[in-house]
S.K.: 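First, the structure itself, so that you have it in front of you.
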Amino acid sequence: GFVPPFVGKALDGANAANGGGGGEGDMESPYPPRLMEMLSERDLISVSPEGGLAVPPELSKLEPKIVEHVFNEVLDASSNITWDDIAGQEAAKRLVQEMVVWPMLNPQLFRGARAPPKGLLLFGPPGTGKTLIGKAVASNISATFFAISASSLTSKWIGEGEKMVRALFTLAQLLQPSIIFIDEVDSLLSARKAEGEHEASRRMKTEFLVAMEGCDPKATDKRVLLIGATNRPEELDDAARRRMPKQLYIPLPCAAARLQMLTNVFKQGCEVSTALTPSDLAKIVERTAGYSGSDMRNLIQEACQGPVRDHFRTRGLVQNVDPSELRPVTLRDFQMASKAQKPSVSESEIERYQKYDESFGAKY
Ligand code: ADP
């Protein structure tokens, strides 16, 4: 379709009115105002000879509708996760800092033989903090964070996946430093299905691999980092592995990490009071072996409902109840909650990850 090269109001109204183009009234920008702001902060908006505002040519080549999709649905502005928000995973956090945070902070230092990897793959069971790690990287370097799940690319935007991918990488390059976080990356870059693979999804995959090549830190000074996450690392093909050469195992939280999650929740502003003793905490930690981070979160939420349910059972109404009237959360609340929240990852799955880690995982 037709893509207007000039967008937004002219800086100098009189000039624009005299110039060609639409003539009457303001030209409506087809791009989200916040995107225009972000481009302008980076000096990427120029004034056209006719007095209109022009976006960079690589952007005006794309359909504004697709650009808007990527901007509104993929850009995640809410990521101010710190490393301390991620319990455990100490080794992974350290390696990610060295490998991707430092090079993004000072690209000059990390050139040539010190050039960072083109991409990073985080693999492991669901709910272990892979997304949190991506967000922590982005907050640490004040990068623009694009988060997309590959299955939404393949299903939601049927037939437009290829265009979405192009828009995603174009925006990421313009709004650098950027992190592109692709959840379920296996569904995008799975080993080529010999037959029956949908033509559109094959084209999207090709577009994706080519776009990634364009972000290679050895070939360009663009600061765009790809972080893929997957629960099924075996399904990636060789082309994908070459483009995400560093593969980090993000395992289930260890005992210390589970304890940290518990203490974090109950110290935060003390909104929920507990009567948990150190020995209660130790018991909970022991009984949650095999729980993922998100299982832990769900268990804690469930346990914290205990006092509210009790109050409701004995007194009826919930409205007008002050939090201070509730009894504290006890070990028994956790025991009850553990009936509802079982570990979501099986031991055989863990063995599968460990095996994969032995062959492909980065050693650290
Ligand atoms: P995934 O590994 O599937 O990307 P997420 O990072 O999205 O998992 O984690 C899901 C949720 O589980 C998080 O929002 C957080 O509440 C909780 N969680 C998972 N791992 C951790 C962790 N290591 N520390 C604190 N919270 C965690």
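Whatever order the structure lists them in is the order used to number ligands and atoms, beginning at 1. Keep in mind that what you see is a predicted model, and the values were worked out from it rather than measured.
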S.K.: Going by an N to O cut-off under 4.0 Å, is there a salt bridge joining R232 and E235?
M.R.: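 Looking at E235 together with R232, the answer is yes, because their closest N to O distance falls below 4.0 Å.
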S.K.: Under the criterion side-chain hydrogen bond (donor to acceptor under 3.5 Å, both in side chains), which of Q305, R327, R315 is the partner of D310?
M.R.: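 One option only clears the test, and that one is R327.
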S.K.: Using every non-hydrogen atom in the two residues, find where K342 and S338 come nearest and quote the distance to one decimal.
M.R.: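 Of all heavy-atom pairs spanning K342 and S338, the closest is NZ-O, 3.6 Å.
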S.K.: Taking side-chain contact (heavy atoms from CB on, under 4.5 Å) as the definition, give me every residue that meets it alongside D238, ordered by chain and number, with sequence neighbours left out.
M.R.: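 D238 satisfies side-chain contact (heavy atoms from CB on, under 4.5 Å) with R241, R242 only.
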S.K.: Are there any protein N or O atoms under 3.5 Å from the N or O atoms of ligand 1? List them with distances, or say none.
M.R.:
unit_1   : atom_1 : unit_2 : atom_2 : d
ligand 1 : 2 (O)  : T128   : N      : 3.0
ligand 1 : 2 (O)  : G129   : N      : 3.1
ligand 1 : 2 (O)  : K130   : N      : 2.9
ligand 1 : 2 (O)  : K130   : NZ     : 2.9
ligand 1 : 3 (O)  : G127   : N      : 2.8
ligand 1 : 4 (O)  : T131   : N      : 2.9
ligand 1 : 4 (O)  : T131   : OG1    : 2.5
ligand 1 : 6 (O)  : G129   : N      : 3.4
ligand 1 : 6 (O)  : K130   : N      : 3.4
ligand 1 : 6 (O)  : T131   : N      : 3.2
ligand 1 : 6 (O)  : L132   : N      : 3.2
ligand 1 : 7 (O)  : T131   : OG1    : 3.3
ligand 1 : 8 (O)  : G129   : N      : 3.4
ligand 1 : 20 (N) : T128   : O      : 3.4
ligand 1 : 20 (N) : G129   : N      : 3.3
ligand 1 : 23 (N) : A87    : O      : 2.9
ligand 1 : 24 (N) : A87    : N      : 2.8

S.K.: I'd like to check the ring pair (Phe, Tyr, Trp, His ring centres under 6.0 Å) partners of F208; sequence neighbours left out, ordered by chain and number.
M.R.: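 F208 satisfies ring pair (Phe, Tyr, Trp, His ring centres under 6.0 Å) with F169 only.
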S.K.: Suppose the criterion is ring-ring contact (aromatic ring centres under 6.0 Å, His included): which pairs have a residue in residues 87-130, not counting sequence neighbours?
M.R.: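 Only F123-Y249, F123-Y356 qualify under ring-ring contact (aromatic ring centres under 6.0 Å, His included).
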